[in-house]
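Since the structure comes first, as structure tokens, the remarks are kept for the end.
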Amino acid sequence: MDEFGAKYECLFFDMDDTLYPLSIGINLACRNNIQEFMLNQLGIEESEVPKMCLDLYKEYGTTMAGLKVMGYEFDNDEFYEYVHGRLPYEKLEPDPILHKAHATRALHRLGLEDCFEGIICFTTLNPSSDSNSQILCKPSIQAFEAAIRIADIVDPCKTMFFDDSVSNIASAKATGLKTLFVGDSMLVQGADYALNSIHNIKEAIPDLWEDNKDDKKLEPIVQQAAVATMVQA
């Protein structure tokens, strides 16, 4: 590959709204569940919940991370079960073109569970439940640097990162990853490529389907809003 000097060794995927489209409705259901959790489990005033939910997401990468920073105390597993345990996974169907609980359930419904070598999620990046420890999650550059270490990526330039978030793409680029924005064909800041759908990868980047000189094949990693998926060669 003349442009990059070598084949890609790893494909690094965001999961939600990247491996399946926003129109499925999983994102909206997830947001509704988070707001219900804030109202019913944390006792936050109902009129304040929608704006707080969105503001925390924008500032901290996930509403959950923002709630932790604000000092709200709750069990991570209980939060995930409340938010992800009631999602309409039946809306996800196996994807013949593409051939930790939420990521595993979604990948299973998509028929992709055997396509990835690992999953990096919020608890992977934040193994400690200590409320005083720094919380890592996208789009912080520190979260991407941690994910790169966890995935054992030696050369970020030989890794392609796929995401539907403009801010995530910009941060990934800042860490040296090659980037592909999913959801629109227009390039955004930090994106090397932009595609309307994940299904257009083969036409846009045929190099990914070319065998390496030693005949190795690419293998994959997944990343959520807190989960990441990895494919390594």
Margin query: Minimum heavy-atom separation for Asn196 and Ser185, please, with both atom names.
Written below: OD1-N, 3.2 Å
Check: Just wondering, do Phe37 and Asn33 contact through their side chains at under 4.5 Å, heavy atoms?
Finding: no
Item checked: Crowding at CD, Gln142 (>12 non-hydrogen neighbours, <6.0 Å) -> yes
Notebook entry, point to check: With no hydrogens and no angle check, do the side chains of Asn126 and Lys68 hold a donor and an acceptor under 3.5 Å apart?
Noted result: no
Check: Any side-chain heavy atom of Tyr89 within less than 4.5 Å of one from His84?
Finding: yes
Notebook entry, point to check: Can you hop from Met38 to Met70 via hydrophobic side chains spaced under 4.5 Å?
Noted result: yes
Note to self: Within the 4.5 Å heavy-atom criterion, are Arg31 and Tyr57 side-chain neighbours or not?
What the structure shows: no
Checklist line | Given Ile201, Leu195, Ile169, the one that forms side chain to side chain contact (heavy atoms under 4.5 Å, CB included) with Phe162 | finding: Ile201
Next item on the list: May I ask you to test the Met52-Ile44 pair for a side-chain heavy-atom distance under 4.5 Å?
Entry: yes
Margin query: I want to check something: taking the side chain as every heavy atom from C-beta on, are Leu11 and Thr159 in contact at a cut-off of under 4.5 Å?
Written below: no
Margin query: Please find the pair of heavy atoms, one from Gly61 and one from Pro139, that lie closest to each other, and give the distance.
Written below: CA-CD, 3.5 Å
Notebook entry, point to check: Can you name the nearest heavy-atom pair linking Ile141 to Ala174, along with the distance?
Noted result: CD1-CB, 3.8 Å
Checklist line | Candidates Asn168, Thr179, Asp192 - the one meeting side-chain hydrogen bond (donor to acceptor under 3.5 Å, both in side chains) with Lys173 | finding: Asp192
Check: Closest heavy-atom contact between Phe122 and Met64?
Finding: CE2-CE, 3.7 Å
Item checked: From NZ (Lys138) to OG (Ser171), nearest 0.5 Å -> 10.0 Å
Checklist line | For Pro88 against Ile26, the heavy-atom pair lying closest together | finding: O-CD1, 3.5 Å
Notebook entry, point to check: Between SG of Cys53 and CG of Asn32, what distance do you get to the nearest 0.5 Å?
Noted result: 9.0 Å
Item checked: Atom pair CG (Leu125) and CG (Leu136), whose distance is rounded to the nearest 0.5 Å -> 6.0 Å
Next item on the list: Check the pair Leu177 / Ile148 against side-chain contact (heavy atoms from CB on, under 4.5 Å), numbers first and verdict last.
Entry: CA-CA 9 Å; Leu177 296 169; Ile148 288 171; 4.1 Å; yes
Notebook entry, point to check: Ion pair present between Arg86 and Glu81, side-chain N to carboxylate O less than 4.0 angstrom?
Noted result: no
Next item on the list: Could you tell me whether the side chain of Cys10 reaches within less than 4.5 Å of the side chain of Lys158, counting heavy atoms only?
Entry: no
Next item on the list: Inspect the surroundings of CD in Glu90 and state if more than 12 heavy atoms from other residues, nucleotides or ligands are less than 6.0 Å away.
Entry: yes
Item checked: Hydrophobic cluster identity match, Phe181 and Leu187, side-chain contacts under 4.5 Å -> no
Notebook entry, point to check: Can you find a pair of side-chain heavy atoms, one from Phe74 and one from Leu67, that are under 4.5 Å apart?
Noted result: yes
Note to self: What verdict does the side-chain contact (heavy atoms from CB on, under 4.5 Å) test give for Val83 and Cys30, after you've listed the backbone C-alpha separation in whole Å, the side-chain angles of each residue and the deciding distance to 0.1 Å?
What the structure shows: CA-CA 6 Å; Val83 172; Cys30 188; 3.5 Å; yes
Check: Where the side chain of Asp164 meets the backbone of Gly183, is there a donor-acceptor pair that is under 3.5 Å apart?
Finding: no
Item checked: Hydrophobic cluster identity match, Leu28 and Leu56, side-chain contacts under 4.5 Å -> no
Checklist line | Euclidean distance, Ile153 CD1 relative to Glu145 CD, rounded to 0.5 Å | finding: 12.0 Å
Next item on the list: Tell me whether the centres of the aromatic rings in Phe161 and Phe13 are closer together than 6.0 Å.
Entry: no
Notebook entry, point to check: Just how far is it from atom CZ of Phe79 to atom CG of Leu42, taken to the nearest 0.5 Å?
Noted result: 8.5 Å
Note to self: How long is the straight-line distance from NZ of Lys51 back to CG of Leu54, given to the nearest 0.5 Å?
What the structure shows: 8.0 Å
Notebook entry, point to check: Do you know the tightest heavy-atom contact between Phe12 and Ala147?
Noted result: CZ-CB, 3.7 Å
Margin query: In the structure I gave you, are the side-chain heavy atoms of Ile135 and Tyr60 within less than 4.5 Å of one another anywhere?
Written below: no
